[in-house]
Every structure is written in C-alpha cells, then in structure tokens.
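First the proteins, then the strands, lettered A, B, ... as listed; each starts at 1. These numbers come from a predicted model, not from an experiment.
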Number of protein chains: 2
Amino acid sequence: MSHMGYGCLMPFDRDRVLRAAAALLTRKSTATMDEVAKAAGISRATLHRHFAGRDALVRALESLGIAECEAALEAARPDEGPARDAVRRLVREIEPAAGLLAFLYTENQLFEGEEQNEGWDRLDERITALFRRGQESGEFRIDLTPVWLTEALYGLVASHAWGVIDGRLAGKDFQYMIVELLLGGAARREES
Amino acid sequence: MSHMGYGCLMPFDRDRVLRAAAALLTRKSTATMDEVAKAAGISRATLHRHFAGRDALVRALESLGIAECEAALEAARPDEGPARDAVRRLVREIEPAAGLLAFLYTENQLFEGEEQNEGWDRLDERITALFRRGQESGEFRIDLTPVWLTEALYGLVASHAWGVIDGRLAGKDFQYMIVELLLGGAARREES
DNA sequence: CCTGTATGAGACATGAATGTCTCACATGGG
DNA sequence: CCCATGTGAGACATTCATGTCTCATACAGG
C-alpha cells in the first residue's frame with residue numbers, strides 16, 4: 001500500500017557474483033556478507049539463498065580459483081617446449097586470477113579443517129613437475145627445490161597483485177617482473 | 001571460602017606475550033583474544049589490562065615487527081660492501097622475524113585507516129635504496145625496479161615462512177633459498 | 001605480620017555478523 | 001490474463017567476540 005515500486009530486479013549470475021566477491025575480498029578480506037552482496041549488486045537474502053553461508057562462499061571462491069589455475073595450466077601447455085617458456089606462459093595465463101589467488105593464499109583457515117580441497121595438491125604437483133622437468137633438462141639449477149620454486153611462484157604472484165592494488169606496481173608489468181625474477185634473479189648476468 | 005588456592009600466578013612479560021601472540025596469529029590470523037591469552041599463558045583479563053583491545057594488540061605487533069626489521073637492517077649494514085652481500089646479510093638477520101612479518105603482511109586492514117604506521121615507509125625506503133645501490137654499482141640488472149625487488153623480498157620471506165609452518169619447507173634453508181632465488185633466479189647460469 | 005599491587009577466574013552487558021523468516025513486488029511463461 | 005518463480009527489503013533471534021566489571025588469591029616489600 002505504501003511503496004510505489006521496487007525498480008528492476010537483478011537476475012542472479014553466479015559467476016558475476018563470485019567475481020565481485022573475489023574482487024572485494026582481495027582488497028578487504030574481512031568484508032561482511034552484506035558488503036559482498038552490495039558489491040555484487042544483489043541483496044543479502046539472495047546471496048544467502050545461493051551460498052549457505054560465508055564458509056560456502058569462500059569454498060566456492062576456492063573452487064573457482066582452483067578451476068582458473070587449472071585452466072591456466074592447461075593453456076600454458078607445461079609439457080611442451082623449454083621449461084622456461086612454459087613458466088612464462090603459465091605466469092601470463094595466471095594473471096587474470098592473480099587477485100583471487102592472493103586472497104585465497106592468505107585464507108589459511110582453508111587448510112585447517114580436514115576437508116581441505118585436494119585441488120591444491122593436484123596443482124602443486126603439476127607445477128612442481130614443471131620445475132622438476134626444467135631441472136632434468138638442465139635448464140634450471142638443482143639446488144633450488146621444485147617445491148620451493150612452486151611456493152615462490154605463488155608468493156610472487158600474490159605480492160605483485162597486492163602491489164598493484166596498493167598502487168606501488170603497474171599491472172602491465174605482471175608477467176615480466178615475475179618471470180624475470182623467478183627465472184633470472186636480480187643479479188646481473190656475467191658478460192661472457 | 002570454597003577454593004583451596006589459585007596456584008602460581010604468571011608474571012606479565014610484555015615481550016613474551018607479544019611473541020606468543022605473533023606465533024599464534026601467524027598460524028591462525030583469526031585467533032580470539034581468549035586463544036591469544038591461553039597461548040601466552042595468561043588470563044584474558046590480564047591480556048586486556050595491558051592491551052586495550054585487539055586493535056591495540058595488533059598495533060603492538062606491528063611496532064614489534066617494524067622494530068625487528070629495523071634492527072635486522074642495522075645489523076645487515078646495507079651500505080657496506082657489495083649490495084649482494086648486504087642482501088644476503090639482510091635475509092639472514094630477518095629470519096627470526098619472518099613469521100611475524102608473514103602475519104603482518106596479510107593484515108591489509110593495517111593499511112586502511114589513515115593512521116598507518118610510517119615505519120613501513122621508512123623500511124621500504126631503506127630496502128629500496130639497497131637495491132638501487134646494487135643497480136648503480138652494476139651488480140643488479142636495471143630492468144627490475146627496486147620497488148618490485150623490495151615487494152618480492154617481502155613475498156618470498158612470507159612464502160617461505162608459511163611453507164615451513166605447513167611442513168613443506170625446511171627452516172634451515174631460509175636464507176639460502178630466498179637469497180639464491182632473489183639474486184640468482186631459477187635459470188641455470190651459462191657455462192662461460 | 002600486614003599491606004599494596006597484580007593476577008586469575010568468572011559474570012555481565014554490548015555490538016556485530018550471521019542465519020532464518022515473512023511479505024511485497026517484478027518477471028516470464030502458460 | 002493469471003500463476004509460478006525468484007528477488008529485494010526488512011524484521012527477528014542467535015551466536016560469538018569483545019570490553020568491562022567484581023572478587024578472591026598470590027606475591028613482594030616494608
């Protein structure tokens with residue numbers, strides 16, 4: 001009797017909501033369900049209809065991040081050509097998911113319960129295998145373990161993503177800065 | 001009239017409490033004040049007598065982390081000798097504070113309010129200057145910016161600290177793995 | 001021995017986020 | 001045109017961490 005109308009309703013788009021949530025939580029990991037809903041342009045009620053709770057939302061983001069990483073890994077063709085080129089392709093393909101990965105990387109509560117997603121293990125295994133292949137082909141040094149190189153890759157991706165968010169780094173340098181540091185290091189090459 | 005006794009009282013040791021809090025929060029960044037108190041071996045009341053609230057506790061940890069970093073920087077003598085050796089010393093000296101740094105690195109809420117501690121800026125400036133000095137002396141390549149190298153150093157320190165906590169990496173490799181990757185990279189050197 | 005200080009234990013109120021619910025309304029298909 | 005589905009807005013209870021309080025007890029110094 002009182003309201004004139006509600007205006008247009010926002011149709012629910014799971015993927016759009018997840019990406020909005022990822023973008024917000026990357027900047028503010030303690031954001032409320034209400035803030036997430038507003039950022040996604042839907043009501044808290046609708047958000048809660050599709051994700052049982054905050055845990056379920058974070059789990060969905062985890063699955064999304066794993067899926068994007070696996071897609072990036074597929075697109076990078078880690079078994080083809082020189083390992084260093086495969087790493088280069090992997091970093092390039094993983095850039096769109098960098099923010100989401102940076103958020104998930106800090107959600108250490110994901111790895112507390114027994115129900116940790118085994119997708120991470122699969123990813124770790126495949127990336128580790130890439131670095132191991134580079135070692136066996138003689139491209140990479142053998143004194144840096146593949147496990148550490150994998151961990152360092154995650155860390156550099158997250159670091160660069162935060163640096164971009166905080167305005168200290170330029171987004172366009174993502175692939176170059178990460179790959180050059182990871183593969184070549186900071187020391188200048190000997191002029192041989 | 002009912003209790004027989006309270007047992008021994010725990011004398012308050014600010015430094016010990018802060019280190020226990022840092023160790024716990026590094027593993028579980030959402031730990032309760034109650035959990036922090038238990039981890040420190042004191043009661044929640046006492047914890048709250050010395051730190052006005054959770055914010056104050058985190059701020060104190062931030063100050064502690066900055067102080068330890070500055071002490072590490074002093075001990076590393078960043079202006080003496082080759083820049084690569086100074087970086088090596090810096091990583092070695094910073095290792096005891098790695099866990100605390102990893103925690104603070106993810107507390108992005110610290111950088112939201114206007115009251116962000118300017119100690120970080122001082123540290124960034126000094127570490128950046130070290131990398132810039134290495135570039136000017138010809139030791140480091142110039143296509144990786146000092147700001148990025150500084151950011152990467154933080155990221156690698158945090159990554160290794162978490163890898164140790166999760167049991168994927170060995171604590172004794174801290175300095176070697178970080179310095180070798182940061183300075184030398186993963187690619188094998190050309191046999192000249 | 002007595003006293004002041006500081007702690008531990010626990011009760012209590014407060015506030016925030018969460019989860020559930022109802023109802024009005026918009027949209028699309030029959 | 002009518003109905004089913006799905007959304008927005010908001011009320012509501014619940015849970016939990018927080019912050020404050022009181023009181024009994026332990027310890028150190030006089």
Practice task
May I have the step-by-step check of ring pair (Phe, Tyr, Trp, His ring centres under 6.0 Å) for A:W162 and B:Y105, ending in yes or no?
Solution key: CA-CA 10 Å; A:W162 282 318; B:Y105 195 55; 5.5 Å; yes

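Not a single ring pair (Phe, Tyr, Trp, His ring centres under 6.0 Å) links A:Y154 to another residue, sequence neighbours left out. B:A60 is linked by a side chain to side chain contact (heavy atoms under 4.5 Å, CB included) to B:R14, B:L18, B:F51, counting only residues two or more places apart in sequence or in another chain. Looking at residues two or more places apart in sequence or on another chain, you find a side chain to side chain contact (heavy atoms under 4.5 Å, CB included) between B:T26 and B:F103, B:I165. Under the rule for a ring pair (Phe, Tyr, Trp, His ring centres under 6.0 Å), the partners of A:F174 that lie at least two apart in sequence or sit in another chain are A:H160.
One interatomic measurement links the two molecules: CZ of A:F12 to P of C:dG28, which rounds to 18 Å at whole-angstrom precision.
A:R188 places no side-chain N or O within donor-acceptor distance of the main-chain N or O of B:Q135, the cut-off being under 3.5 Å.
Of the residues in residues 21-42 of chain A, those with a non-hydrogen atom less than 4.0 angstrom from any atom of DNA chain C are A:T32, A:M33. Taking every heavy atom of residues 44-59 of chain A and every atom of DNA chain C, pairs under 4.0 Å involve A:R44, A:H48, A:G53, A:R54, by number.
Checked for salt-bridge contact, B:R126 and B:E70 miss the test: no charged N lies under 4.0 Å from a carboxylate O.
Shown here for A:L47 and A:V36, the closest heavy-atom pair between the two residues is CD2-CG1, 4.0 Å.
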